[in-house]
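None of these values were measured; they are calculated from a predicted model. In the text below, chain A, chain B and the rest are named by the order of the sequence lines, each starting its count at 1. Worth knowing before you read on, the calculation uses all heavy atoms, side chains too, and leaves out hydrogens, waters and symmetry mates.
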Amino acid sequence: MRLSTFPLHTTKETPADAEVVSHQLMLRAGYIRKLGAGLYTWLPIGLRTLQKIEAIVREEMNRAGAMEVLMPSVHPAELWQESGRWQVMGDEMLRFKDRHGNEFAYGPTHEEVVCHYVRQDYRSYRQLPVNLYQIQTKFRDERRPRFGVMRSREFIMKDAYSFHMDAEDLAREYENMRAAYARIFDRLGVDYRIVKADSGNIGGSRSEEFHVLAGSGEDLLAVSDSGPYAANVEAAETLPHPAPRPAPAAALETVATPGQKTCEQVSRFLDVPLTGKVKLLVVKGADGGLVGVALRGDHQLNEIKAAKHAAIADPLQMATPEEVEQAFGCEVGYLGPVRCPIPVIADFAAAALTDFVCGANQNDHHLKGANWGRDCGEPAVADLRMICEGDPSPDGNGEIRFYRGIEGGHIFQLGSKYTTAMDVSVLDENGQSVTLQMGCYGIGITRLAAAVIEQSHDAAGIIWPDAIAPFKVVLCPIGLEKSETVRVAVETLYGELLEAGVQVLLDDRGARPGAMFADAELIGIPHRIVIGDKGLANQQFEYKHRRAEKAEMIAATTAAVLERLAAA
RNA sequence: CGGGGUGUAGCUCAGCUUGGUAGAGCGCUUGCUUCGGGAGCAAGAGGUCGUAGGUUCGAAUCCUGUCACCCCGACCA
């Protein structure tokens, strides 16, 4: 490609509304342009990278045995009403009517549509298993689109759906997809982690996310410092306390703590560590009553875990201050498990405490030397808290460290959630109708482009890995207009590289060297060849890798260039 | 959807408090010089100041509505 005829629009200044580097650089390098909130045009250079990511995904999906299809992005409302998600999806789903007044949605995901298709054409166990995927535009009306293409409303996703006779075969395909995803992320050249996830409102049982590690990531990950364990913090389990609880040593004592309502205040006032305090949160129970959740003073409630507890209402609802006062006869700041009027569930860590401090269920008073079993009943015990940095890893290997990540892929074993609702079944070998097991597997194509930049850039611009660079090498001729020697050399090299199948960009704009170098670095081309009279006098080109500190001289031949490109 | 903020030239912004008929830098056009890290000089083109209404002799500036966009906030590929 010749830059003189290629529409490249770079800018020196950073647009004001771009917050994260990937967004800034994609705008400055002319990869994308904004149309509206969460809506972006991909310009020719950006599209080249996008298509390379798609190609890698497609290759690995095909290699894994999945079949590409293309489903409509506009979905009839009836399908979503059938699965029950017409209500559940809420405002995130863009809805509209056609000329007949019939309701439609712009597809945010395609479980309903594939299920509808599969139940049309799949009748027999002999046709299974099957894994259907597509690479297609989705629309989710995010409450807050941001970070450019990283969290946009319209985006390109690879979504795959597999169907199976039984859970074992679903588990097999899940592993197959997991391996395919690992190959995709490896080929993209990113540092990533496969992380246990909560399956959210898509539902189902087992679920993992593929996270590209980046400081600007929106997700917090709990990763073992010396073992394989990695989980989204919201899904990370915590372990029961390893040692048996010591016997009570202190006597129960009521102390006045006027105005001291928060754990921090009480801890300072009584000069006891936060880790020696039990706090009691009050939530709605599954039976409509109230339930107390006891946590250690320094810990935080994990609302997802709490909502999943059998005794607690799902979704989680905190009790109002009025409800608490009615039940306890005191304000929220003085609650505790001793003489507690409602059932208590204690987190592992809270249940492990001896001689702890807690609220006295009486305004302006706390208890010291409180003990489970002696001063109140032994509580029901469960894993209810957010994991912390420094906690032992749940798999027993090492300690937990936190990282930030960008969710680039997500795989689920859905089980029969949708196939039951949508009645997707086939006949088995005994002629019996069997509801299918389903898995789904997503990759955010447009988001990955941004994620790679977040992880691979410097002050001058983007640094693409070869695999997804819009061009592999850029040719920068110095004094193109003046020097016939340079012109002939660069044209020869350009032609021969094209012939060799190398994706090469020739900067034939006649720009000054500084402008050429700045653009080449900004748009992130991994290899650069400079052709100038100085070098040619010694039969040399200058080669520089985008990451290299300094340039090096190589022989002024196409063979030498190809050799250098292959070595990198 | 709540809370905060911003709309002025293609881009980044000044001007608004204290109304008087529109500015800078970058970019763009033309010419000359320059040519290994975003060149210099000169001459140009380009804005009904988001939009609708109101106040006023007069509104980018004050008032009201409205739209869009950005930032902070709990389920997302």
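Only the P atoms considered, B:U29 is 44 Å distant from B:U64, to the nearest whole Å. When the P atom is used for both B:C49 and B:G23, the distance is 14 Å, rounded to whole Å. To the nearest whole angstrom, the two P atoms, one in B:A60 and one in B:C16, are 14 Å apart. For the P atom pair drawn from B:C71 and B:U12, the interatomic distance equals 14 Å after rounding to whole Å. To the nearest whole angstrom, the two C1' atoms, one in B:C63 and one in B:U55, are 7 Å apart. Taking atom P on both nucleotides, B:G3 is separated from B:G20 by 34 Å, rounded to a whole Å. Separation of the C1' atoms belonging to B:C1 and B:U56 is 39 Å when rounded to the nearest angstrom. B:G4 and B:G37: their C1' atoms are spaced 42 Å apart (whole Å).
Of the residues near RNA chain B, A:Ala518 and A:Gly38, the one whose nearest nucleotide (by heavy atom distance) lies more toward the 5' end is A:Ala518. Annotation: of the two residues near RNA chain B, A:Glu142 and A:Gly36, the 5′-most nearest-nucleotide partner is A:Gly36.
A:Arg33 comes within 4.0 angstrom of no nucleic acid atom, judged by non-hydrogen atoms across all strands. Across all strands shown, A:Ser483 has no heavy atoms under 4.0 Å from either base or sugar-phosphate atoms. A:Glu218 comes within 4.0 angstrom of nothing in the nucleic acid, heavy atoms only. Using a 4.0 Å heavy-atom cutoff across all strands shown, A:Leu448 reaches no nucleic acid atom at all. Counting non-hydrogen atoms under 4.0 angstrom, A:Gln136 reaches nothing in the nucleic acid. The residue A:Asp91 sits apart from the nucleic acid: no heavy atom pair falls under 4.0 Å. Residue-level contact check: A:Arg528 touches the bases, meaning some heavy atom is under 4.0 Å from a base atom.
For A:Ala37, taking side-chain heavy atoms from C-beta onward, the closest of the listed nucleotides B:A77, B:C75, B:C69 is B:C69. Here the nucleotide nearest the side chain of A:Leu522, chosen from B:C70, B:G38, B:C75, is B:G38. Among the nucleotides B:U12, B:C1, B:C71, the one closest to any side-chain atom of A:Pro15 is B:U12.
An OP1 or OP2 oxygen of B:C71 is reached within less than 4.0 angstrom by a side-chain nitrogen or oxygen of A:Arg144. Listed pair A:Arg146 / B:C72 meets the phosphate criterion, a side-chain N or O lying under 4.0 Å from OP1 or OP2.
In this structure, A:Tyr161 has no ring pair (Phe, Tyr, Trp, His ring centres under 6.0 Å) partners at least two apart in sequence or on a different chain. For A:Arg547, there are no salt bridge (charged side-chain N to carboxylate O under 4.0 Å, His left out) partners, not counting sequence neighbours. Applying the salt bridge (charged side-chain N to carboxylate O under 4.0 Å, His left out) test to A:Glu142 and every residue at least two apart in sequence or in another chain returns A:Arg151.
A:Asp17 places its CG atom 15 Å from the C1' atom of B:G50, with the value rounded to the nearest Å. Rounding to whole angstrom units, CE of residue A:Met177 and C1' of B:A77 are separated by 16 Å. In this structure, NZ of A:Lys12 is placed 15 Å from P of B:U12, rounded to the nearest angstrom. In this structure, A:Lys308 atom NZ and B:C75 atom P are separated by 15 Å, rounded to whole Å. In this structure, CZ of A:Arg404 is placed 17 Å from P of B:C76, rounded to the nearest angstrom. At whole-Å resolution of the value, CG in A:Asn232 and P in B:A74 are 14 Å apart. Across the protein-nucleic acid pair, A:Lys34 atom NZ and B:G10 atom P stand 16 Å apart, rounded to whole Å. Atom CE in A:Met516 sits about 11 Å away from atom P in B:G37, given to the nearest Å.
Applying the Watson-Crick and G-U wobble criteria (two distances, each under 3.5 Å), B:C75 pairs with nothing in any strand. Base pairing analysis places B:A24 opposite B:U12; the two distances defining the Watson-Crick or G-U wobble pair are each below 3.5 Å. Here B:G31 sits opposite B:C41 as a Watson-Crick or G-U wobble pair (both hydrogen-bonding atom distances under 3.5 Å). Using Watson-Crick or G-U wobble geometry with both donor-acceptor distances under 3.5 Å, B:C69 finds its partner in B:G5.
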Let me have the donor-acceptor pairs involving side chains of residues 548-557 of chain A, under 3.5 Å, with sequence neighbours excluded, atom names and distances please.
unit_1: A:Glu552; atom_1: OE1; unit_2: A:Arg564; atom_2: NE; d: 3.0
unit_1: A:Glu552; atom_1: OE2; unit_2: A:Arg564; atom_2: NH2; d: 3.0
unit_1: A:Thr557; atom_1: OG1; unit_2: A:Ala560; atom_2: N; d: 3.0

Which donor-acceptor pairs under 3.5 Å do side chains of residues 6-19 of chain A form with protein atoms, sequence neighbours excluded?
unit_1: A:Thr10; atom_1: OG1; unit_2: A:Asp519; atom_2: OD1; d: 2.8
unit_1: A:Thr11; atom_1: OG1; unit_2: A:Glu13; atom_2: O; d: 3.0
unit_1: A:Asp17; atom_1: OD2; unit_2: A:Lys34; atom_2: NZ; d: 3.2

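With hydrogens and angles left out, the side chain of A:Asp219 and the base of B:C76 share a donor-acceptor pair within 3.5 Å. Contact annotation: side chain of A:Glu521 to base of B:G37, donor-acceptor pair present below 3.5 Å. A donor and an acceptor atom sit less than 3.5 Å apart, one in the side chain of A:Glu13 and one in the base of B:G25.
No side-chain heavy atom of A:Val233 sits less than 4.5 Å from a side-chain heavy atom of A:Asp219. Within the 4.5 Å cutoff, side-chain heavy atoms of A:Lys305 are placed close to those of A:Thr238. Side chains of A:Arg95 and A:Met93 form a contact here, defined as non-hydrogen atoms less than 4.5 Å apart.
Taking 4.0 Å as the cut-off between side-chain N and carboxylate O, A:Glu521 and A:Arg546 do not count as a salt-bridged pair.
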Summary of protein contacts for nucleotides 28-35 of chain B, nucleotide by nucleotide, where a base hit scores B, a sugar-phosphate-only hit scores S (4.0 Å, heavy atoms): ------BS
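Among the candidates A:Arg144, A:Arg404, A:Arg146, the single residue satisfying the salt bridge (charged side-chain N to carboxylate O under 4.0 Å, His left out) test with A:Glu218 is A:Arg146.
Residue ring and nucleobase are stacked for A:Phe155 and B:A77, with a centre distance beneath 5.5 angstrom and an angle between planes beneath 30°.
Taking the centre and axis of the six-membered ring of A:Tyr174, the NZ or CZ atom of A:Arg206 falls outside the cone set by 45° and 6.0 Å.
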